[in-house]
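If you're wondering where the values come from, they're calculated on a predicted model, not measured in any experiment. Numbering of ligands and ligand atoms starts at 1, following listing order.
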Amino acid sequence: MEIIAHPREMQEQARRWREEGRRIAFVPTMGYFHQGHLSLMEYAREIGDRLVVSLFVNPTQFGPTEDLDRYPRDLERDTRLAEEVGVDVLFTPAAEQMYPPGYQTYVTVNGLSQGLCGASRPGHFRGVATVVLKLFNLVMPHVAVFGEKDYQQLVVIKRMVSDLNLPVEVVGCPIVREEDGLAMSSRNTYLNPEERWSARCLYRSLQAAQQLVADGKKTREEILSTVQQIISQTPHTRIDYVALVDPETLQEVAAVQGAARLALAVWVGHTRLIDNTLLVET
Ligand code: PAF
């Protein structure tokens with residue numbers, strides 16, 4: 001595995017691979033790998049013949065009071081894990097190279113970025129869309145793989161790719177969970193043992209919603225009130241949002257008709273966790 005830190009070197013490598021006719025698969029990450037990241041890499045390795053993983057804690061997607069400085073980092077461990085999965089290039093640019101002095105260009109995906117996480121994290125998706133477009137220009141992937149845990153992010157990226165005619169196929173992969181159902185996230189490391197116990201309520205509430213729909217209770221009111229009740233009865237939690245939305249437009253829906261995404265963000269102690277699931281009418 002090669003580690004490339006310089007954006008221009010990354011682009012040159014990508015260009016060489018393209019000239020050789022290689023299909024480049026790409027997994028963008030902020031590092032501190034867990035099984036969720038590794039599953040994206042394993043999938044990407046199967047669908048391309050060169051695999052690039054970027055590791056960049058992108059400052060423009062963090063708000064001023066958010067956890068940029070304490071975001072977990074372990075380059076040595078990440079390097080070892082990426083090597084074990086069969087990554088060809090680990091791309092690790094520095095913030096000064098991605099955003100040199102004088103930098104002033106940003107990408108905004110308007111409507112889709114505004115609700116859900118965008119409402120409590122203004123500017124977040126602008127930072128995400130900007131860095132992902134920059135990474136696409138440097139890695140020049142044929143296909144890029146994202147996790148469905150950040151469901152709104154996946155929808156925003158797909159919209160950007162379509163709106164800007166980017167020659168990249170965007171693929172979403174299923175959420176990977178701990179044994180008790182907690183969606184894997186680098187931020188789970190912030191939780192103390194009591195909070196970690198409480199955090200199980202996110203997945204329990206999603207499962208309860210799935211059961212409701214299976215029992216024919218499909219209205220937004222029925223679903224949201226059950227989810228809210230399960231979470232609010234759990235110590236150390238505070239709901240940021242719970243929403244039932246159309247899977248593509250992310251607009252609120254009145255009931256599960258066909259399919260809907262149930263998405264939530266919950267503070268557990270000082271840690272904000274997100275999760276979601278597809279609810280399908282049976
Ligand atoms: O999902 C993430 O880890 C980040 O938002 C991404 C896509 C790597 C952009 O910084």
Colleague: Distance-only, no hydrogens or angles: does the Asn188 side chain make a donor-acceptor pair with backbone N or O of Ala183 under 3.5 Å?
Modeller: yes
Colleague: Could you walk me through whether Glu76 and Thr79 satisfy the side-chain hydrogen bond (donor to acceptor under 3.5 Å, both in side chains) test, starting with their C-alpha distance in whole Å, then the side-chain angles of each, then the deciding distance to 0.1 Å, before giving a yes or no?
Modeller: CA-CA 5 Å; Glu76 212 171 291; Thr79 304; over 6 Å; no
Colleague: Can you confirm if the NZ or CZ of Arg200 lies within 45° of the ring axis of Trp197 and under 6.0 Å from the centre of its six-membered ring?
Modeller: yes
Colleague: Are any side-chain N or O atoms of Asn276 and backbone N or O atoms of Glu148, one a donor and one an acceptor, separated by less than 3.5 Å?
Modeller: yes
Colleague: Within ligand 1, which atoms have a heavy atom of Thr29 less than 4.0 Å away?
Modeller: 8 (C)
Colleague: Distance under 4.0 Å to a non-hydrogen atom of Val131: what atoms of ligand 1 satisfy this?
Modeller: 9 (C), 10 (O)
Colleague: For atom 3 (O) of ligand 1, what is the closest protein heavy atom, and at what distance to 0.1 Å?
Modeller: Met30 CG, 3.5 Å
Colleague: As an exercise, identify every atom of ligand 1 less than 4.0 angstrom from a heavy atom of Gln61.
Modeller: 4 (C), 5 (O), 9 (C), 10 (O)
Colleague: Which ligand 1 atoms are under 4.0 Å away from a heavy-atom of Gln153?
Modeller: 1 (O), 2 (C), 4 (C), 5 (O), 7 (C)
Colleague: Which of the numbered atoms in ligand 1 are below 4.0 angstrom from a heavy atom of Pro28?
Modeller: 8 (C)
Colleague: State whether Phe56 and Lys134 meet the cation-pi test: NZ (Lys) or CZ (Arg) under 6.0 Å from the six-membered ring centroid, and within 45° of the perpendicular axis.
Modeller: no
